[in-house]
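Below: one structure, written as structure tokens.
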Amino acid sequence: MKPKAAFYWCASCGGCEEAVLDLAEGVLDVVAAVDIVFWPVALDFKAKDVEGMEDGAIDISFVNGAVRTGHQLEMARLLRRKSRLVVAFGACAQLGGIPGLANLTTAREILCEVYGEDGPRREFRENGHTLTLPELFDSVYPLNRAIPVDYFVPGCPPSPKIVADALQTLLSGVLPEPGTVLAPDRAMCDECPRRDSHPDELQFDCFHRVQERVLDTGACILAQGVPCLGPATRAGCGARCISGNMPCTGCFGPTSHVRDYGAKALCSIASVIGASDADEIDRMFENIVDPVGTFYRYSLPSSFLERKRLE
Amino acid sequence: MPEEFEPKIVAFFCNWCTYLAADLAGTSRIKYAPNAEVVRVMCSGRVDVQFVLKAFAKGADGVLIGGCHPGDCHYQEGNYKALRRYRLLQRLLRQMGIEEERLRLEWISAAEGDRVRVVIDEMVETLRRLGPLHKSEALMEVA
Amino acid sequence: MSGAYGYFPGCSLKGAGVAYEESLLALFRLLGLPLAELEDWNCCGATSYMSIDERSAILLSSRNLLLAHKAGYRDVVAPCSACYLVLRKAQDYMERYPRIGKEVHAALGDGDLKVLNAIRVRHPLEVLYTDVGPGRIRQSLVRQWHGGRVACYYGCQMVRPYAEADRAHDPMRMDELLRAAGVPTVDYSLKTKCCGGSLTGTTHEVGVRLNYALLREAARKGADAIATVCPLCQYNLDAYQREIRRASHEPFDMPILYFSQILGWALGADTGALGLRRAISGRKTVQQWFSERRVEKEAYA
Amino acid sequence: MPERIVRIGVYTCHCGSNIAATVDVKAVAEFAATLPNVVLSRDYKYMCSDPGQDLIRQDIRSHALNRIVVASCSPHLHEHTFRTALKVGGLNPFYFHMVNIREQASWVHENRVQATRKAKDLVRAAVRRVAFHEPLKRGRVAIHPDVLVLGGGIAGIHAALTLANAGKHVYLVEKEPTIGGHMAKFDKTFPTLDCAACILTPKMSAVRSHPNITLWTYSEVVKVDGYVGNYKVKVLRHPRYIDEDLCAGCLDCLEACVYKQAKVPDAFNLGLSKRRPIYIPFPQAVPQVPVIDPETCIQFKSGKCKTTCVDACGERHAINLHAEPQAHEIEVGTVILATGFQTFDAARVPYYGYGRYGNVYTALEVERLVNASGPTAGQVVMRDGRTPQTVGIVHCVGSRDENTHRWCSRVCCMYSLKLAHLIKEHTGAEVFDFYIDIRTPGKGFEEFYQKLLNERVHFVRGRVAEVTDWVLDPSEEGRLVIRVEDTLAGFVRRIPVDMVVLATGLEPRADAPEIRRLFNISCAGEGFFLERHPKLAPVNTFTDGVFLAGCCQSPKDIPDTVAQAGAAAAEALALIDAGYIETEPNTAHVEESLCCGCKTCMSMCPYHAVSFLPEIYKSRVNEVLCKGCGTCVAACPSGAMRQNLFEDDEIFAEIEGILTNA
């Protein structure tokens with residue numbers, strides 16, 4: 001009998017769902033290999049179908065997206081209860097992802113921005129029924145801050161190869177250690193097509209924003225003065241951005257020896273600039289206009305500080 | 001009347017200058033506020049930005065990094081690395097709503113025992129003014 | 001921001017020391033340095049006040065600093081050494097003792113300490129030395145000195161404790177400026193000793209004895225006159241000479257001049273505008289020395 | 001591999017009352033006992049004592065401890081002691097962490113409650129940290145047997161001879177054209193009044209002739225690389241324009257100089273005499289080789305000199321007017337710094353009239369005046385040619401003074417007494433000593449003071465206010481007046497004298513900061529070189545293999561200087577004869593599985609300890625070159641670079657420990 005699988009999305013863009021389909025014909029093998037019992041995006045299931053199941057009835061749930069509403073939290077907890085394994089699928093579920101940058105503001109600020117001072121109505125009645133908007137939390141959380149997570153599949157979105165490998169590993173029966181990130185434990189440079197152009201003595205006199213210059217397609221992007229986070233980021237993506245002549249922005253998150261991705265990346269980049277006097281240094285950093293967005297683009301909620309300080 | 005807020009400072013002192021200065025303050029019996037607790041590293045260049053943020057996240061109200069004066073680093077230029085990281089980190093902390101006074105980088109040579117007192121007392125004073133650094137409360141307990 | 005120097009005369013320059021003000025204004029006018037008197041200035045809080053109630057003294061001076069700031073002056077020129085000292089001291093104390101800073105702030109209801117301390121309190125001697133300099137003095141000479149030798153007497157308050165107007169123990173700037181004007185000066189070991197200050201008014205004989213020492217040593221070093229930078233020094237040395245003459249049976253009749261009178265004359269100021277006729281001692285000498293005599297230009301070109 | 005089950009023993013030290021007075025040691029120990037993995041927690045009066053260390057050694061066995069935490073003083077003081085105790089106890093010495101609750105807690109805080117809280121926090125941090133410790137091995141570095149001694153004063157001379165006599169090869173480098181330093185300027189030495197030359201010059205020539213000593217005068221160290229045991233030092237030898245090997249020291253060239261009269265102020269005599277452009281600092285100079293001073297030599301200035309000196313040298317051809325500076329690269333294992341001091345510049349205290357009144361002298365000038373081989377052949381005559389009838393000696397000029405130097409220069413009292421005696425002896429003058437306190441703590445010092453009292457030297461207690469020519473009484477005419485408050489008589493006195501001697505203090509040399517940077521050592525607040533420990537390591541510095549001797553460390557007299565020079569030599573010998581030194585294992589290393597070859601680490605390392613292996617595309621650390629700063633570890637973006645004793649895990653644990661109940 002085939003293992004039962006569930007797919008669910010929380011705060012995400014849908015890209016992770018696409019990522020599954022990106023397996024192209026490979027998706028058929030998945031369908032063949034597992035018995036999909038829940039996949040709101042693709043198939044017509046309802047939450048109550050899941051509620052109806054016995055605890056642990058689902059062999060493996062793939063949850064993508066971060067957690068930032070009461071409803072997402074509820075679903076996460078439900079799936080946790082019903083599943084033997086829960087996999088955080090994609091950057092948002094693993095690290096908080098792009099939505100995680102909302103942690104620079106608060107729910108109230110966002111609602112005011114969109115709905116004006118008094119915000120949206122939480123409740124309203126429609127022929128006898130009362131509809132209630134789920135609570136919007138102040139902060140975005142990675143999945144493992146909501147529920148215990150067994151495995152992580154990194155990436156925004158996870159590359160087909162990563163997904164395929166992950167599925168294979170998980171279905172193979174021989175499971176890796178709980179908490180494992182299902183991608184190589186090396187930095188991205190390792191698979192970068194331009195790694196040979198990486199200079200011995202890295203040093204910068206100024207940083208450029210990627211839109212400011214035409215990047216040499218043959219040379220290490222970091223060496224061209226554009227913050228490329230390849231050295232800090234876990235491999236497994238196949239250096240897709242680099243192939244597109246764009247710097248790595250870190251969607252695969254840190255390697256296993258780094259606790260706070262952005263802090264480490266910042267620490268590393270700052271170390272290799274040429275200046276030694278404070279003003280000169282500040283001048284060099286002027287072009288890093290948005291440090292949080294630069295170093296924590298996908299990982300703010302899973303960083304030590306997690307969010308902007310709440311007054 | 002509520003008792004005065006006692007800020008907590010984690011201090012990363014380099015082994016050759018600032019840590020020795022702190023020892024000198026001791027042998028000179030200079031008195032200063034007990035709010036700073038020292039983590040000894042060989043060089044201010046060893047101070048990983050992760051350490052600083054970890055300290056803030058774990059409840060430090062302030063973080064102090066102490067190294068040798070520019071040009072005097074026991075390892076030639078580790079203190080410059082510290083300075084660069086510090087400047088960029090300050091920009092990030094600003095975005096995260098953390099006042100720059102909460103993170104201080106000071107050059108204190110092995111001879112400047114009294115400087116340790118001045119810096120720590122000043123910092124405690126400032127942090128009392130700023131009040132505690134509250135990290136956002138965990139929303140939910142992870143089962 | 002006006003380019004002028006804020007000018008704080010203080011009480012002396014409007015009273016006993018008016019000759020100082022007259023000559024100073026004339027001299028600065030000649031050199032094209034505008035001195036603009038502060039509106040509504042008040043007592044600097046010096047001497048007696050300072051020693052009785054330091055706090056009020058500093059408050060008084062701070063107000064003057066605030067006036068200067070509001071009027072947009074970066075520099076305040078205080079010719080009286082006592083004023084100069086108290087103004088400077090006020091800044092120093094505000095800087096050093098936050099408590100005083102707070103009190104000043106409260107009392108003035110204004111006066112951000114930073115701006116008060118940003119104002120440069122300066123003594124005219126130092127202004128002449130740094131902003132004009134002996135070189136320019138030498139070039140702008142109009143009259144050739146034919147008077148006698150001068151002992152430069154700096155007194156205590158201009159150089160101590162703030163050795164900013166000149167060196168604390170062996171000031172030389174007045175000497176250098178006068179020499180630049182062709183005036184021979186003598187090596188005067190008592191140049192920073194006490195003139196008795198207000199002792200001449202309180203413990204009279206002590207004050208007078210100090211002045212006697214100053215005169216006697218100047219004479220011994222071959223000086224025919226003493227040049228001063230402070231109205232109190234000038235007054236003590238000038239006004240009590242007759243008494244000292246009687247007591248010591250030594251024939252002192254020595255002009256006690258302001259450096260600004262000598263320089264003003266040398267640079268061609270109208271002799272009548274230098275307050276010279278206000279001299280008490282050595283009147284004849286003053287008349288001889290300050291009579292008309294032009295510089296042969298080429299000699300100084 | 002670290003032991004599986006962590007069993008920690010915590011030891012909290014009272015240090016007599018040093019810690020116990022401010023920190024509740026019992027409470028700390030009880031608290032420690034409650035911490036995870038702690039199987040044993042004790043407090044003891046003196047942990048560093050033998051019984052204290054025994055406790056650790058026994059407990060390791062009887063309680064199967066595999067991690068030790070000691071909360072006592074600074075690791076700079078006793079980390080080594082306790083690590084050794086672990087080793088003896090059969091445990092890897094690096095399963096140890098030390099908590100500094102003395103220098104950084106009990107001695108700097110007053111509130112017992114807070115000091116105790118802090119001590120607990122620090123102990124908690126250590127307990128968490130030490131759980132992550134791993135067994136480490138010390139590396140060994142071979143010690144190159146050659147020694148560099150910098151400075152050719154009595155300190156450098158004595159150190160060099162001691163080492164050379166022990167069969168070690170010494171490079172003695174001196175800035176001046178001769179060795180001898182300040183001592184060579186002295187006439188007699190206190191308190192025995194034996195002649196300086198008689199005891200110094202034999203040592204000087206011994207240096208010259210010693211087969212194990214390479215003497216480089218007129219030379220400077222310009223670059224220092226390497227580390228203990230293996231220093232590479234670049235020495236620049238300035239041209240003296242006379243070849244040391246060819247010159248026979250006949251000094252004919254001096255006589256032959258076209259300058260018949262000497263015209264240049266003679267630095268060795270502090271300008272009290274003149275010399276020619278070609279000169280020898282003093283008759284007993286070592287080496288006995290003249291120097292040409294290009295600043296004043298006509299040939300160098302105009303090229304139009306008859307160069308009679310060259311003719312005078314004749315066949316020997318020792319004079320080479322085209323000589324160039326020479327750079328030498330030497331390798332040494334250890335270094336002794338004996339760079340000495342400079343005397344306080346009396347012009348900085350104008351109220352004492354130095355430079356203004358001709359008859360005001362510094363003590364060092366008077367040393368030359370009373371010196372038989374000095375500019376006046378021992379006659380004490382003043383600049384105005386007179387012999388003084390009364391002399392005033394002013395103590396503590398530039399010492400014990402808020403405005404100049406706060407410290408006591410230690411030698412001034414004694415040399416002032418000596419000069420008082422010599423001046424009396426040479427002139428029969430009446431001598432006044434103006435002192436704040438007379439300090440004579442030394443063998444035979446107090447006795448010497450008594451002797452001076454009996455010689456009727458007048459001692460006036462009080463800091464001199466000024467030296468002036470201001471005359472109040474005809475008797476003062478043409479003399480210098482010393483104004484002073486006689487604090488014993490209780491009134492202000494004016495004492496007229498003919499000659500004033502300023503007992504100027506000792507201060508760090510102007511070039512001390514450069515030397516300090518070259519050799520990577522620290523200075524104390526006042527600028528003298530900082531010793532590793534004021535009592536237990538007085539000649540060591542914080543840089544292994546660099547030792548201190550003489551006044552570069554602090555003012556001291558000749559006996560102390562010589563003793564310290566001997567001690568420094570002994571420390572160097574100890575290293576050399578051991579043959580190697582064990583290094584801290586706190587080096588960095590690469591976890592290759594994580595390294596992606598981004599080379600960030602390479603640009604971090606000033607010692608080029610990190611190299612890149614293209615074949616496996618990884619960085620690798622050369623642990624001999626690595627000095628263990630950890631900068632590359634912080635900079636490594638993928639966490640592949642790690643540092644022994646300062647692992648991320650260990651530091652994070654420490655941070656969490658400190659903050660656990662924050």
Side-chain angles (χ1 to χ4, degrees), chain B residues 6 8 10 12-17 19-20 22-52 54-55 57-61 68 71-78 81-82 85 109-114 116-117 120, chain D residues 73-77 98 100 102-111 114-115 117-118 121-122 125 129 513 516-517 520-527 530 534 542-543 584 586 604-607 627-636 643 645-646 648 651-652 654-656 658-662:
Chain B
E6 284 296 340
K8 189 101 179 179
V10 174
F12 299 95
F13 283 176
C14 83
N15 184 59
W16 302 105
C17 288
Y19 193 90
L20 284 176
D23 278 359
L24 176 60
T27 45
S28 326
R29 307 301 196 277
I30 294 170
K31 305 292 182 225
Y32 57 85
N35 305 57
E37 285 165 27
V38 175
V39 174
R40 182 169 66 114
V41 287
M42 294 310 286
C43 176
S44 52
R46 174 65 181 98
V47 179
D48 188 325
V49 170
Q50 289 188 100
F51 301 162
V52 177
K54 180 68 179 184
K58 276 290 288 182
D61 302 295
C68 311
D72 293 358
C73 178
H74 188 81
Y75 303 101
Q76 292 181 28
E77 49 204 32
K81 312 291 192 300
R85 296 165 186 157
S109 84
E112 299 173 298
D114 193 57
V116 173
R117 172 187 67 81
I120 289 180
Chain D
C73 50
S74 168
H76 282 284
L77 192 57
M98 193 159 175
N100 185 344
R102 192 180 73 169
E103 284 83 348
Q104 297 186 16
S106 67
W107 277 352
V108 287
H109 306 316
E110 284 154 321
N111 178 323
Q114 288 174 314
R117 191 218 77 244
K118 179 172 173 180
D121 287 348
L122 291 169
R129 179 194 217 277
R516 187 179 118 258
R517 287 213 170 88
N520 195 8
I521 62 172
S522 304
C523 279
E526 67 281 1
L530 184 66
F542 284 99
T543 304
E584 274 290 291
N586 59 13
M604 290 298 102
C605 185
Y607 308 106
K627 289 193 175 10
C629 63
T631 305
C632 59
V633 185
C636 175
Q643 182 185 15
L645 285 174
F646 294 90
D648 283 359
I651 296 174
F652 277 118
E654 214 174 332
I655 297 170
E656 285 167 356
I658 286 174
L659 293 167
T660 285
N661 49 19

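Here the structure is a predicted model, which means the values were calculated and not measured. Residue numbering restarts at 1 for every chain, and letters A, B, ... go by the order of the sequence lines. For the numbers below, each heavy atom of this structure counts, side chains included, while hydrogens, waters and symmetry mates do not.
- Between chain B and the options P534(D), G630(D), C629(D), C632(D), the largest number of non-hydrogen pairs under 4.5 Å is found for C629(D).
- Interface remark: C523(D) contributes backbone atoms only to the contact with chain B (heavy atom separation under 4.5 Å).
- Of the listed residues (A125(D), A105(D), G525(D), P75(D)), the one with the most heavy-atom contacts under 4.5 Å to chain B is P75(D).
- Top candidate by heavy-atom pairs under 4.5 Å with chain D, chosen from V10(B), D72(B), T27(B), is D72(B).
- By number of non-hydrogen pairs under 4.5 angstrom with chain D, the leading residue of L20(B), V38(B), I30(B) is L20(B).
- For chain D, the option among K54(B), M42(B), K31(B) with the highest count of heavy-atom pairs below 4.5 Å is K31(B).
- Both the backbone and the side chain of A635(D) come within less than 4.5 Å of a heavy atom in chain B.
- Interface residue Q643(D): only side-chain heavy atoms are found under 4.5 Å from chain B.
- Of the two parts of R516(D), only the side chain, counted from C-beta on, holds a non-hydrogen atom closer than 4.5 Å to a non-hydrogen atom of chain B.
- Residue contact with chain B, scored on non-hydrogen atoms closer than 4.5 Å, involves the side chain of N586(D) exclusively.
- Salt bridge status for D648(D) with R46(B): present, with a side-chain N to carboxylate O gap under 4.0 Å.
- The aromatic rings of Y19(B) and H76(D) lie tilted to each other, with the angle between the two planes from 30° to 60°.
- Here the options are Q104(D), R117(D), K118(D), the test is side chain to side chain donor-acceptor pair (under 3.5 Å), and the partner is E37(B); only R117(D) passes.
- For the residue pair N520(D) / T543(D), no side-chain donor-acceptor distance below 3.5 Å is found, with atom types taken as modelled.
- Contact count against chain D (heavy-atom pairs under 4.5 Å) is highest for C43(B) among A82(B), G113(B), C43(B), G78(B).
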